Amino acid sequence: MLEIIDLHAKIADTETEIIRGLNLTVKAGEVAAIMGPNGSGKSTLSYILSGREDYEVTSGDIRYNGESILEMDAAERAAKGVFLAFQYPVEIPGVATMQFLKVAMNEQRKARGEAELSTPDFIRTVKEGAAKLKIDYEMLKRPLNVGFSGGEKKRAEILQMALLEPKLCVLDETDSGLDIDALKIVSDGVNALRSPDRAFIVITHYQRLLEHIVPDTVHVLYKGQIIRTGGKELALELEENGYADIIGEAAE
Amino acid sequence: MTLQANTRLTAAETALVEAYNTQISDLPGDADVLSARDRLLDDLKTGGLPTRRIESWHYTDLKTLVKTWPALEGADTTKVLPPMVAGSSVLAVLQGKADGARADGFTVSHYRDSLSDGSAAARLAAASDDDAIGRINGSFVRDGFVLEIPADAELEAPVEIQSIHAGGQAHTRFPVKIGAGAKVVVIERHIATSGDEAALVSSVSDITVGEGAEVTWVVVQQQGAADTFLGQVRVDLGADAKLKLFNVNAGGKLVRQELRIDANGEGSELTLRGVNLIGGEQHVDVTLVLGHNVPNTSSTDVFRNVVFDRGRGVFQGMIKVAIDAQKTDAKMSCNTLLLSDEADFSAKPELEIFADDVVCGHGATVADIDDNHLYYLKARGIPENIARAMLVNAFVAEVVEELEDEPLVEALEAIISAWLAKHA
Ligand SMILES: Nc1ncnc2c1ncn2[C@@H]1O[C@H](COP(=O)(O)OP(=O)(O)OP(=O)(O)O)[C@@H](O)[C@H]1O
Ligand SMILES: [Mg+2]
């Protein structure tokens with residue numbers, strides 16, 4: 001489903017290269033975990049996948065279902081099924097959450113040539129989705145993310161994911177800021193979406209999340225490259241020993 | 001204004017003087033009103049229209065901006081529109097002439113009658129030396145409504161003053177007395193029904209808010225694309241009165257809206273909000289002069305401006321705190337979204353504080369749409385143009401929502417969305 005081939009990317013308008021020859025393949029139905037020390041480029045990779053314009057791909061390619069997406073803007077990628085749950089969701093004053101959800105759902109449907117949702121259908125879908133994630137429906141009447149607590153923001157991201165039904169879901173530290181119960185609720189929400197035609201990239205620092213969302217593969221990102229790939233036991237190994245050994249091996 | 005003989009009148013100024021000379025025979029007014037009009041016109045004739053050399057007109061040089069003085073008559077096609085909020089009492093002025101009026105729970109009369117019987121003469125003088133709008137309006141005003149809201153009246157339905165025109169000239173005045181303890185919502189709507197022919201409209205609202213009254217006053221300006229609008233709202237705010245004053249500019253070619261507000265009663269509260277939608281070749285100037293004249297009064301002023309194309313916006317905000325106006329709490333902010341390289345906005349907030357125990361502040365920002373906001377919306381599949389429109393809407397919706405009056409908020413949002421759909 002996703003092939004990242006020798007990707008190099010820098011911050012636009014500067015020479016600062018953050019992604020330095022990254023290779024990663026994720027198959028449909030797979031859950032791939034990405035771990036790595038702070039500042040290694042995990043969020044940057046997720047932004048580049050989603051089409052953020054602050055970064056410039058200088059070489060390599062990103063193929064999604066066999067097609068390069070480098071020329072597509074963020075909205076086109078989203079309409080094709082790419083979704084990023086942000087590490088730090090943005091507060092947008094003045095845009096009501098419900099209005100935002102409705103426009104997003106309908107624009108994606110339009111881009112795929114599907115009919116728009118009727119208002120009652122829309123409201124029912126949102127109410128059901130919110131209830132599953134234990135999100136207070138009243139909260140969704142407020143401006144988008146404004147004044148939401150850290151955990152509420154993360155849940156709202158997962159709600160958006162559930163409503164938009166993307167095919168490639170990138171979760172950037174969705175576990176940070178969640179209390180123990182919320183971690184369970186959100187993980188159940190993610191697991192409910194697992195299906196043979198949908199892939200997940202789960203970025204996290206902690207094994208704890210991976211106990212709930214069990215990964216098929218684990219990748220270590222360091223200085224803009226994947227330096228190690230393994231199965232779910234790799235996350236346990238990292239939890240025990242930290243990154244030092246792996247970084248040392250990679251340097252040899 | 002020093003009144004030097006100005007022998008070189010512009011074409012528009014010459015036409016203005018000629019218009020006065022031909023209209024004077026049928027302008028309503030007794031001898032006192034007529035001599036007041038003559039004095040105002042004389043000042044205009046000697047000083048000319050104000051130029052950038054007069055401080056309060058620095059960004060709006062009326063002498064160069066007003067190119068023509070249209071004929072009096074406009075198209076005879078205006079008719080009363082449905083009110084913005086269903087169920088409102090509508091007071092319509094068609095092409096400068098007050099129509100019949102339905103008044104529920106208050107009294108209303110035609111301003112032309114106050115001109116004819118001379119009772120209007122006393123307040124016809126200019127409000128200050130630089131009051132060009134007062135002079136133009138006072139010289140030419142023909143009609144309007146005189147409203148009196150009785151003390152303690154609680155009007156269920158809004159009062160909508162509807163000034164409708166199509167080309168030509170219209171000069172209207174609305175003296176309004178709101179009795180002590182009264183509660184009322186007034187919508188002052190200026191609207192052109194045909195945008196082709198250039199019109200020149202002046203309007204002065206002269207509002208006295210009685211002790212403890214609670215008033216929402218909304219000015220909505222939707223003139224045609226070629227029109228000149230010279231508006232003025234004067235407010236005398238009584239003790240413990242609460243006024244929410246909203247000003248939405250969504251039309252016109254050359255617009256100057258003056259807000260001259262005096263907090264004259266202790267304990268009064270002013271909530272002033274403005275939305276200025278500017279595009280094309282529009283020039284829109286909002287000038288506020290707010291006097292905190294007695295102790296213990298408060299005000300918050302928030303203006304949100306959106307400028308597209310080659311639009312030009314101006315905000316001048318002067319807050320004056322008198323020497324004994326202790327415990328004044330006054331905050332003013334002016335935020336602008338500039339959406340094209342050729343768009344321009346000048347903000348000039350000023351504080352003139354003579355009391356020492358006050359909390360006063362002001363801030364002005366100019367920005368483009370926040371890239372992070374745009375990216376977030378796009379990352380959810382919302383195409384760039386729609387995402388931009390949402391963010392512009394959000395920027396102004398924030399202040400509109402503060403009205404906390406659902407039908408009114410919806411009506412204003414509809415006007416704003418319609419404007420943005422046309423210009424964005
Ligand atoms: N716009 C930018 N300007 C300057 N430096 C940047 C910018 N964006 C990212 N960086 C740098 O790129 C590096 C990678 O950042 P990134 O946010 O991708 O790390 P991360 O792996 O997600 O870290 P964390 O685990 O702390 O979330 C960091 O050193 C960061 O400071
Ligand atoms: Mg990160």
Side-chain angles (χ1 to χ4, degrees), chain A residues 12 46-55 72-86 88-97 99-112 114 141-146 153 156-157 159-161 163-166 169-170 172, chain B residues 246 248 273-277 302-306 333 335-337 339 363 365 367-404 406 409-410 412-417 419-421 424:
Chain A
S46 71
Y47 291 143
I48 292 171
L49 284 174
S50 74
R52 187 171 187 147
E53 282 159 19
D54 306 53
Y55 303 93
M72 296 178 193
D73 81 350
E76 291 171 83
R77 295 185 197 191
K80 288 210 180 276
V82 177
F83 182 93
L84 167 59
F86 287 90
Y88 303 108
V90 186
E91 300 194 357
I92 309 189
V95 173
T97 308
Q99 184 216 355
F100 158 76
L101 291 173
K102 190 168 183 193
V103 175
M105 288 169 79
N106 280 331
E107 287 303 324
Q108 290 208 13
R109 295 174 78 95
K110 251 198 264 174
R112 292 194 294 258
E114 297 165 17
K141 294 180 178 166
R142 285 164 37 196
L144 185 54
N145 290 327
V146 177
K153 282 181 185 160
E157 292 288 296
L159 173 63
Q160 291 177 34
M161 185 169 89
L163 295 173
L164 294 169
E165 301 178 316
C169 308
V170 183
D172 190 0
Chain B
F246 266 69
V248 177
R273 298 291 180 267
V275 170
N276 296 302
L277 307 175
V302 180
F303 289 84
R304 290 283 166 96
N305 317 295
V306 178
S333 72
N335 314 113
T336 304
L337 272 188
L339 295 157
T365 61
D368 195 350
I369 284 176
D370 187 322
D371 282 339
N372 287 325
H373 292 175
L374 192 60
Y375 164 60
Y376 190 89
L377 298 182
K378 285 173 72 179
R380 296 300 178 247
I382 302 173
E384 169 131 4
N385 59 338
I386 294 173
R388 281 184 169 273
M390 280 176 83
L391 292 171
V392 173
N393 232 318
F395 177 71
V396 296
E398 260 192 303
V399 298
V400 175
E401 275 153 21
E402 286 186 69
L403 267 170
E404 291 176 342
E406 206 169 310
V409 169
E410 275 174 20
L412 290 176
E413 283 179 344
I415 288 169
I416 290 166
S417 302
W419 191 96
L420 288 174

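Note that the coordinates shown come from a computational prediction; the quantities given were computed from them, not determined experimentally. Each chain gets a letter, A, B and so on, in the order its sequence line appears, and its residues count up from 1.
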#### Entry: B/N305 to B/F395 - nearest heavy-atom pair and separation
O-CE2, 3.4 Å

### Query
Pick from A/P93, A/A79, A/A111: which one has the most heavy-atom pairs with chain B under 4.5 Å?
A/P93

### Task
Give, as side chain, backbone, both or neither, the part of A/L101 having an atom under 4.5 angstrom from any heavy atom of chain B.
neither

## Note on the structure
Counting heavy-atom pairs under 4.5 Å with chain B, the top scorer among A/L164, A/L84, A/V82 is A/L84

## Note on the structure
Here the pair of heavy atoms bringing A/G94 nearest to A/P143 is N-CB, 3.9 Å

Got a list of the donor-acceptor pairs under 3.5 angstrom between chain B and chain A?
unit_1	atom_1	unit_2	atom_2	d
B/N372	OD1	A/R52	NH2	2.5
B/H373	NE2	A/E91	O	3.1
B/Y375	OH	A/S50	OG	2.5
B/Y376	OH	A/N145	ND2	3.4
B/Y376	OH	A/E157	OE2	2.4
B/Y376	OH	A/Q160	NE2	3.1
B/K378	O	A/A75	N	3.3
B/K378	NZ	A/E53	OE2	3.3
B/R380	O	A/Q108	NE2	3.0
B/R380	NE	A/Q160	OE1	2.5
B/R380	NH1	A/L84	O	2.9
B/R380	NH2	A/L84	O	2.8
B/R380	NH2	A/E157	OE1	2.7

### Query
What's the shortest heavy-atom distance between B/F246 and B/V400, and which atoms?
CE2-CA, 3.9 Å

### Task
Could you check A/I92 against B/L377 for side chain to side chain contact (heavy atoms under 4.5 Å, CB included), going step by step and ending with a plain yes or no?
CA-CA 9 Å; A/I92 309 189; B/L377 298 182; 4.0 Å; yes

### Query
What is the minimum heavy-atom distance between A/A85 and A/F83, and which atoms define it?
N-CE2, 3.6 Å

#### Entry: Shortest non-hydrogen contact between B/G381 and A/A78, atoms and distance
N-CB, 3.3 Å

#### Entry: CG-CG distance between B/L337 and B/L277, expressed to the nearest 0.5 angstrom
11.0 Å

